[in-house]
Each structure stands twice: as structure tokens, then as C-alpha cells.
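Here is the structure we will look at.
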Amino acid sequence: MTDSVPEGRAAEAEEAAAVEPEYDPAAPAALNVPRTPTGNAEVDAGLDRLADADHLATDGHLEVYEDVHRGLRDALTALDTRPGPPGPPAPVSPYHQSRS
């Protein structure tokens with residue numbers, strides 16, 4: 001008996017090793033956190049952008065998080081600046097009028 005592997009089987013073993021990636025615990029891994037659509041296109045786009053962090057090393061997450069934060073902040077700001085009819089003027093209290 002010999003310990004050698006027939007040539008055909010050795011080639012198959014090399015191919016299998018080349019196809020199967022080695023496990024790297026430090027490699028980026030998806031968190032698979034579910035993202036529920038909100039119905040607001042801007043907010044949903046920001047939530048979808050969070051998936052980009054799944055494929056980046058930890059030092060790349062900050063850019064994604066800042067980008068999403070900026071987009072969400074802009075969406076909230078837009079809620080305060082939407083055009084529409086002006087509201088009624090605020091009532092003027094007689095106690096706050098200046099005396100001349």
C-alpha cells in the first residue's frame with residue numbers, strides 16, 4: 001500500500017480547495033437585520049443603504065452611517081419646509097404689547 005493519491009483525485013481535491021473559500025472570522029459578514037419599508041421613498045432608500053455596511057470592514061461603516069444619518073435628517077427637515085398655505089397668524093396677547 002502506498003500513501004500516494006491517484007492523480008485524478010489529487011486534481012479534484014485541489015479544485016475543491018480552490019472553490020471553497022476559507023473561513024475568515026475577521027471578514028465582513030451580513031448582520032441580516034430585517035428592514036421594514038416605511039412607505040417614504042427617502043427613508044426607505046436610507047434604510048436600504050445600510051445594507052452596504054454588510055459588505056465592508058468595520059472601518060468603512062462610519063461613512064455609510066453618516067450618509068444614512070444625513071439623508072434621514074434631510075427627510076425630517078423637509079417635513080418642516082413643505083410648501084403649503086400659511087397658517088393663521090398667532091394671536092397677540094394684550095399683555096405683551098408695548099406701551100407708547
Side-chain angles (χ1 to χ4, degrees):
M1 273 176 69
T2 64
D3 290 339
S4 66
V5 178
E7 283 185 37
R9 296 213 185 250
E12 288 174 14
E14 286 178 18
E15 283 181 27
V19 172
E20 295 178 19
E22 287 189 35
Y23 174 71
D24 181 5
L31 295 176
N32 296 321
V33 175
R35 287 179 286 278
T36 306
T38 65
N40 181 302
E42 292 174 276
V43 173
D44 290 342
L47 293 175
D48 289 343
R49 171 89 165 97
L50 288 174
D52 293 345
D54 288 348
H55 309 290
L56 299 172
T58 305
D59 61 350
H61 290 191
L62 182 61
E63 181 181 340
V64 173
Y65 295 155
E66 286 179 344
D67 184 39
V68 171
H69 181 257
R70 187 174 25 259
L72 293 174
R73 189 179 56 229
D74 291 347
L76 285 173
T77 301
L79 292 174
D80 291 335
T81 59
R82 293 224 167 131
V92 178
S93 170
Y95 300 108
H96 292 108
Q97 291 179 349
S98 64
R99 296 181 188 220
S100 309

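Computed over heavy atoms, backbone and side chain alike; hydrogens, waters and symmetry mates excluded.
For the atom pair OG1 (Thr36) and CG (Asp44), the distance works out to 9.5 Å, reported to the nearest 0.5 Å. Note that the CZ atom of Arg70 and the OG1 atom of Thr77 stand 12.5 Å from one another [nearest 0.5 Å]. Taken to the nearest 0.5 Å, the CG atom of Leu47 stands 6.5 Å off from the CG atom of Leu72. Annotation: the span from Asp54 atom CG to His61 atom NE2 amounts to 7.0 Å, rounded to 0.5 Å. Arg35 contributes atom CZ, which lies 6.0 Å from atom CG of Leu50 (distance to the nearest 0.5 angstrom).
Under the 4.5 Å side-chain contact rule for hydrophobic residues, Leu76 and Val43 do not share a cluster.
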